[in-house]
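In what follows, a single structure is set out as structure tokens and then discussed.
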Amino acid sequence: MAETGEEEMMSTEASGFSDMSDSELLEIVDLEDAKESSASLSKPGPSEFSGTDDKPISLQNCKRRLDIMSPMERFHLKYLYVTDLSTQNWCELQMVYGKELPGFLTPEKADVLDTGASIHLARELELHDLVTVPITTKEDTWAIKFLNILTMIPTLQSEGCIREFPVFGEVEGVFLVGVIDELQYTAKGELELTELKTRKRPLLPLDAQKKKDYFQVSLYKYIFDAMVQGNVTPASLIHHTKLCPDKPLGPSVLRHAEQGGFAVKSLGDLIELVFLSLTVSDLPVIDSLKIEYVHQETATVLGTEIVAFEEKEVRGKVQHYIAYWTGHREPQGVDIEEAWKCRGCNYTDICEWKKGGGVLSSTLEPRAKKAK
DNA sequence: ATTGCTTAAGGG
Ligand code: SF4
């Protein structure tokens, strides 16, 4: 089972005999995924709500429990993705609806996303091959991520360019996880992050789109810098992810660790090794942030933005967004000036913000609506 | 499991 070599290695290498340095990245496949995927969690228990209205106590308790639980708890999240925060920047409430009702996309949108994803994948494969590794535990999943980091750092330092670099770290009390599209050293020797954004229509993005993308790449820099400066500690990582550093790693993971030349027995070893590699490899902080907008169909470059990192501004935004996740404030929809976003929103029909005209209508007093 | 857990980003 461990050996079902799905090695999709198409050696794009111009030969040579280097069995060590041919660039490969590992990806995972979950062996337990035979089971059908999750029923919806937020469904109320039938017995409590179906026939009987004379059970106010349990109902109330249930509601109160939901009220006091932060979104992090309600959604059973130990960490957030960088893109959770950047989509939150587009419309916070839309992001929340997306968490509550996942997989709620029009086929047209799904197509655009799929096209974008395959363009990204094709670019990734320009730089390295992907080897599928069977795994069963989340420790294995993270171990693969760590092994990839351990091979990518030297590659960046020697070849000058890597794609799909994993980042993670605590930001304002919440753990964030993401993947940097591309890192490369420029001619001037500066470390530059590039984020590719593909577009269905050959038009430059609106300001709102640019702001969201700017925020996304800023978060990557924020986290990456913290990593190379030693501010993302093994203890913090383990604390937030609840990984068990001593849980035995799967055989295929161990095999790949060995092949990579990494002497690790446990996940804990691997984490220490990653921490070391990040902090002693002379990795600089990211010097510049670039966003490239490309037309999907023709690959025409529509525009390239070089954005300046504004630490205070980014931190302020993060604090604001995290305050929602930790339950310190209610989610908000878009401001009236951005009501145009609601037209393209999948949740426009059910949105309580839109109904309430800029307030969550469920929190409105049941009194006179505005005269029409 | 008297209750579990995540590949991130994908574009507007
Ligand atoms: S309808 Fe508008 S306010 Fe409501 S979730 Fe969608 S974009 Fe946000």
Side-chain angles (χ1 to χ4, degrees), chain A residues 25-30 32-33 35 37-39 41 45 72-91 94-95 98-99 102-103 105-124 130 132-149 163-168 175-182 195-213 216-217 219-220 223 240-244 291 293-297 302 334 338 340-348:
Chain A
L25 267 206
L26 310 176
E27 63 176 0
I28 57 157
V29 56
D30 192 335
E32 307 268 290
D33 258 2
K35 62 186 176 190
S37 54
S38 72
L41 287 168
M72 288 301 284
E73 295 165 333
R74 271 214 311 280
F75 294 119
H76 308 283
L77 300 175
K78 295 199 273 279
Y79 51 83
L80 297 174
Y81 300 142
V82 166
T83 49
D84 288 334
L85 294 204
S86 61
T87 56
Q88 192 175 1
N89 178 273
W90 179 263
C91 172
Q94 184 188 76
M95 182 278 303
K99 288 279 178 196
L105 275 179
T106 64
E108 299 78 29
K109 272 187 194 172
D111 271 353
V112 179
L113 290 178
D114 285 350
T115 304
S118 41
I119 293 172
H120 275 267
L121 178 59
R123 274 171 50 98
E124 177 181 6
L130 285 174
T132 303
V133 181
I135 52 90
T136 54
T137 67
K138 66 181 201 293
E139 279 73 17
D140 283 350
T141 304
W142 282 84
I144 295 303
K145 188 198 294 273
F146 297 142
L147 288 174
N148 282 335
I149 290 176
R163 285 184 184 152
E164 306 294 310
F165 185 80
V167 292
F168 45 82
F175 205 73
L176 292 185
V177 176
V179 175
I180 293 177
D181 225 14
E182 175 176 313
E195 171 72 27
L196 175 72
K197 293 295 182 198
T198 71
R199 299 176 61 75
K200 171 74 176 171
R201 309 185 54 207
L203 303 170
L204 278 168
L206 297 173
D207 236 39
Q209 182 77 59
K210 288 187 191 171
K211 273 176 51 186
K212 170 189 178 246
D213 298 337
Q216 182 182 354
V217 296
L219 284 173
Y220 289 141
I223 301 168
H240 284 285
T241 57
K242 306 276 188 286
L243 289 167
C244 301
I291 307 166
Y293 297 97
V294 173
H295 184 215
Q296 287 192 341
E297 199 180 338
L302 305 170
V334 296
E338 292 202 315
W340 55 268
K341 285 182 179 174
C342 304
R343 284 192 293 110
C345 173
N346 299 320
Y347 308 98
T348 186

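Lettering follows sequence order; numbering is per chain, from 1.
Contact check, A:Lys197 against B:dG10: a side-chain N or O comes under 4.0 Å of OP1 or OP2. For B:dG10, the OP1/OP2 oxygens have a side-chain nitrogen or oxygen of A:Gln216 closer than 4.0 Å. A close approach under 4.0 Å does not occur between any side-chain nitrogen or oxygen of A:Thr198 and OP1 or OP2 of B:dG10. Contact annotation: A:His76 side-chain N/O to B:dC5 OP1/OP2 distance is not under 4.0 Å. Put simply, A:Lys145 has a side-chain N or O that comes within less than 4.0 Å of OP1 or OP2 on B:dA8. For B:dG12, neither phosphate oxygen OP1 nor OP2 lies less than 4.0 angstrom from any side-chain nitrogen or oxygen of A:Tyr293.
Nucleic acid contact for A:Gly178: sugar-phosphate only, since backbone atoms but no base atoms lie under 4.0 Å from a heavy atom of the residue. Using a 4.0 Å heavy-atom cutoff across all strands shown, A:Ile144 reaches no nucleic acid atom at all. If you check every strand for non-hydrogen atoms under 4.0 Å, A:Tyr220 touches sugar and phosphate atoms only. Residue contacts for A:Leu80: at a heavy-atom cut-off of 4.0 Å it reaches no nucleic acid atom on any strand shown.
In this structure, NZ in A:Lys138 is found 5.0 Å from NZ in A:Lys78, a value given to the nearest 0.5 Å. Note: A:Gln88 CD to A:Lys99 NZ = 10.0 Å, rounded to the nearest 0.5 Å.
A 4.5 Å side-chain heavy-atom check between A:Glu164 and A:Asn148 finds every atom pair outside the cut-off. In this structure the side chain of A:Thr83 reaches within 4.5 angstrom of the side chain of A:Gln216, judged on heavy atoms.
Along DNA chain B, the nucleotide nearest to A:Thr241 and the one nearest to A:Trp90 differ in position, and the one closer to the 5' end is contacted by A:Thr241. Mapping A:Phe75 and A:Asn346 onto DNA chain B by nearest heavy atom places A:Phe75 at the nucleotide closer to the 5' end.
Distance from the side chain of A:Lys78 is smallest to B:dC5 among B:dC5, B:dA8, B:dG12. Residue A:Arg199 places its side chain closer to B:dG12 than to any other of B:dA9, B:dG12, B:dA8. When distances are taken from the side chain of A:Val112 to each of B:dA9, B:dG11, B:dA8, the shortest belongs to B:dG11. For A:Glu195, the side-chain atoms get nearest to B:dG10 when compared with the rest of B:dG11, B:dT6, B:dG10. Of the candidates B:dA8, B:dC5, B:dG12, B:dG12 carries the atom nearest the A:Thr87 side chain, counting heavy atoms from C-beta on. For A:Gln296, whose side chain is taken as the heavy atoms from C-beta onward, the closest listed nucleotide among B:dA8, B:dA9, B:dG11 is B:dG11. Distances were taken from every side-chain heavy atom of A:Lys138 (C-beta onward) to each of B:dG12, B:dC5, B:dA9; the shortest belongs to B:dC5.
Look at the P atom in both B:dC5 and B:dA1: the space between them is 15 Å, to the nearest Å.
Counting distance only, with no hydrogens placed and no angle test, the side-chain atoms of A:Tyr81 and the base atoms of B:dT7 include no donor-acceptor pair under 3.5 Å. On a pure distance criterion of 3.5 Å, a polar donor-acceptor pair joins the side chain of A:Gln94 and the base of B:dG12. No donor-acceptor contact under 3.5 Å links the side chain of A:Lys341 to the base of B:dG12.
In this structure, A:Glu139 atom CD and B:dG4 atom C1' are separated by 14 Å, rounded to whole Å.
The main-chain N or O of A:Lys210 is never found under 3.5 Å from a side-chain atom of A:Lys197 such that the two would form a donor-acceptor pair.
Salt bridge A:Asp111/A:Lys200: absent, no basic N to carboxylate O contact under 4.0 Å.
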